[in-house]
Q: 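This is the structure I have questions about; it appears just below.
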Amino acid sequence: MQLTVAEAIAVQEDLRRHVVTTDDTSPAPRYVAGLDVAYDGDEYAAAVVVLEVIRAATVELQEVDRAVVRGRTAFPYVPGLFAFREVPGLVAALERLRVTPELLVCDGQGLAHPRRFGLACHLGVVTGLPSLGVGKTAFVGEWQEPGTARGEASELVLDGEVVGKVLRTQNKTKPVFVSVGHRVSLGTAVERVLELAPRYRLPETTRAADRACRDGLAER
DNA sequence: GCGACAG
DNA sequence: ATCTTGTCGC
């Protein structure tokens, strides 16, 4: 790896100062992106899929753009430094988009991180775009099991501070861990995730990006 | 010191 | 993340 663990932590401590945890005065996003990376040894395929959110009687989600970039891993998976492994490929994919997303839905945590600077915060700060994190499992913090109905949530607390929400996106399914990335409030983040997960546990953005990076890795 | 540890 | 088939349920 080009960066040492100590250097990477220093970068996080520096970049975290730029995180904005409130909503900007813009309407609900029309273009929302899902981002994910798949691996095969030290080879990876990073994907970004942009969905247009059509709000009518029911929310409709249509893919309008996508970009998949392949590359070679330059940083190992280190808990707490996950972003250094995924950001290069994801930023490269974002640069290839024709449609600029108004919200990045990341695979992992945002503020729910030991230094309050998980992947979602990192991607938001380096791109300047609003972002939020949706983790499939917990990383840090304490919480109570939320109610079993879609929409019910409980606070994710770390050192006495609310760093996210444990949110049930579908009845009787395992909850997901939502946290702020950049330029969105926690309440809005939860609202966006529910809107993007009308049918399954994970947001459609996440599902689309997951499929895209797997497919990208498969074609060799 | 021991274990836990996003993907 | 990845290793991996069938199977129960809506």
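Numbered from 1 within each chain, the chains take letters A, B, ... in sequence-line order. Values reported hereafter were calculated over all heavy atoms of this structure, with side chains retained and with hydrogens, waters and symmetry mates removed. All values reported here derive from a predicted model rather than from experimental measurement.
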Q: Is the phosphate of C:dA1, meaning OP1 or OP2, less than 4.0 Å from a side-chain N or O of A:K136?
A: yes
Q: Which residue is it: A:D36, A:D107, A:D210? I am looking for the one with a salt bridge (Lys or Arg N to Asp or Glu O under 4.0 Å) to A:K136.
A: A:D107
Q: May I ask you to say whether A:R70 pairs ionically with A:E43, meaning some side-chain N is under 4.0 Å from a carboxylate O?
A: yes
Q: Using whole Å, what does the distance between atom C1' of nucleotide C:dA1 and atom CD of A:E43 come to?
A: 15 Å
Q: Can you tell me how far P of B:dC5 sits from CG of A:L81, to the nearest Å?
A: 17 Å
Q: Hey, does A:G133 reach any base, or is it just sugar-phosphate, or nothing, if we go heavy atoms under 4.0 Å?
A: nothing
Q: When the distance from CZ of A:R201 to P of C:dC10 is rounded to whole Å, what number comes out?
A: 19 Å
Q: OH of A:Y39 versus C1' of C:dT2: gap in Å, rounded?
A: 12 Å
Q: Hey, is A:Y77 doing a stacking thing with C:dA1, by the 5.5 Å centroid and 30° angle criteria?
A: no
Q: Atom CZ of A:R199 to atom C1' of C:dG9: distance rounded to whole Å?
A: 13 Å
Q: Is any side-chain N of the basic residue among A:R183 and A:D24 closer than 4.0 Å to the acidic one's carboxylate O?
A: yes
Q: Of the candidate nucleotides B:dC5, B:dG7, C:dA1, which contains the atom at the shortest distance from the side chain of A:R214?
A: C:dA1
Q: Could you tell me whether the side-chain ring of A:F139 sits stacked on the base of B:dA6, using a centroid cut-off under 5.5 Å and a plane angle under 30°?
A: yes
Q: Between B:dA4 atom C1' and A:L158 atom CG, what is the distance in whole Å?
A: 14 Å
Q: Between A:R116 and A:D159, is there a side-chain N and carboxylate O pair less than 4.0 Å apart?
A: yes
Q: Tell me what A:A112 touches on the nucleic acid: a base, only sugar-phosphate, or nothing, going by heavy atoms under 4.0 Å.
A: nothing
Q: Expressed as a whole number of angstroms, how long is the span from A:E142:CD to B:dC5:P?
A: 14 Å
Q: Using a heavy-atom cut-off of 4.0 Å across all strands, would you classify A:G118 as base, sugar-phosphate, or nothing?
A: base
Q: Using 0.5 Å steps for rounding, measure from the CG atom of A:L194 to the OG1 atom of A:T169.
A: 7.5 Å
Q: When the distance from OH of A:Y44 to C1' of B:dG7 is rounded to whole Å, what number comes out?
A: 15 Å
